[in-house]
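I have placed the structure first, in the form of structure tokens, so that the comments after it can refer back to it.
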Amino acid sequence: MQGLTIGPDRGGVCAVLDTQGLQVGNLKLIGGRWKFKAMGHDDQGQVIPGGGPLTERHNMSFDRLDCAEITNRLLGG
């Protein structure tokens, strides 16, 4: 995964997409902070909450929607 794209804020929820456009999670505004909610998909395309390639980053939180910072923290360690 080289980079991430963060979708627009839709009422306190933003999709997080990988470079192929696959949704790997959401950012949800909870208590004034943006919390990453990982997600994956099974072989039938069903959503697996908390799963996927960024499952170890589930519940990581951020002060603001800064794509570079979020990508660096989610992918960089």
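Side-chain atoms are counted along with the backbone in the values below, which use heavy atoms only and exclude waters and symmetry mates.
- If you chain together hydrophobic residues whose side chains sit under 4.5 Å apart, F36 and I6 fall into the same group.
- Residues V16 and M39 do not share a hydrophobic cluster, defined by chaining ILVMFWY side chains whose heavy atoms lie under 4.5 Å apart.
- Closest approach of W34 to G12, counting heavy atoms only: CZ3-O, 3.5 Å.
- L54 and I48 are not part of a single hydrophobic cluster, where members link through side-chain heavy atoms under 4.5 Å apart.
- Although no hydrogens or angles enter the test, the distance criterion places a donor-acceptor pair under 3.5 Å between the side chain of T55 and the main chain of G50.
- Linking Ile, Leu, Val, Met, Phe, Trp and Tyr whenever their side-chain heavy atoms come within less than 4.5 Å puts L75 and I70 in one cluster.
- For D42 (side chain) and Q44 (main-chain N/O), a donor-acceptor pair under 3.5 Å exists by modelled atom type.
- In this structure, A38 and G51 approach most closely via the heavy-atom pair CB-O, 3.6 Å.
- Side-chain atoms of L4 and L74, non-hydrogen and from C-beta on, do get closer than 4.5 Å to each other.
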Under 3.5 Å, which donor-acceptor pairs do the side chains of residues 59-68 form with other protein atoms, sequence neighbours left out?
| from | atom 1 | to | atom 2 | distance (Å) |
| --- | --- | --- | --- | --- |
| N59 | OD1 | K37 | NZ | 2.5 |
| S61 | OG | R33 | NH1 | 3.3 |
| D63 | OD1 | R33 | NE | 3.0 |
| D63 | OD1 | R33 | NH2 | 3.1 |
| R64 | NH2 | E69 | OE1 | 3.3 |
| D66 | OD1 | A68 | N | 3.1 |
| D66 | OD1 | E69 | N | 2.8 |

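- The side-chain contact (heavy atoms from CB on, under 4.5 Å) search around D43 returns none, not counting sequence neighbours.
- Taking L22 as the reference, D18, H41 meet the side-chain contact (heavy atoms from CB on, under 4.5 Å) condition, with sequence neighbours excluded.
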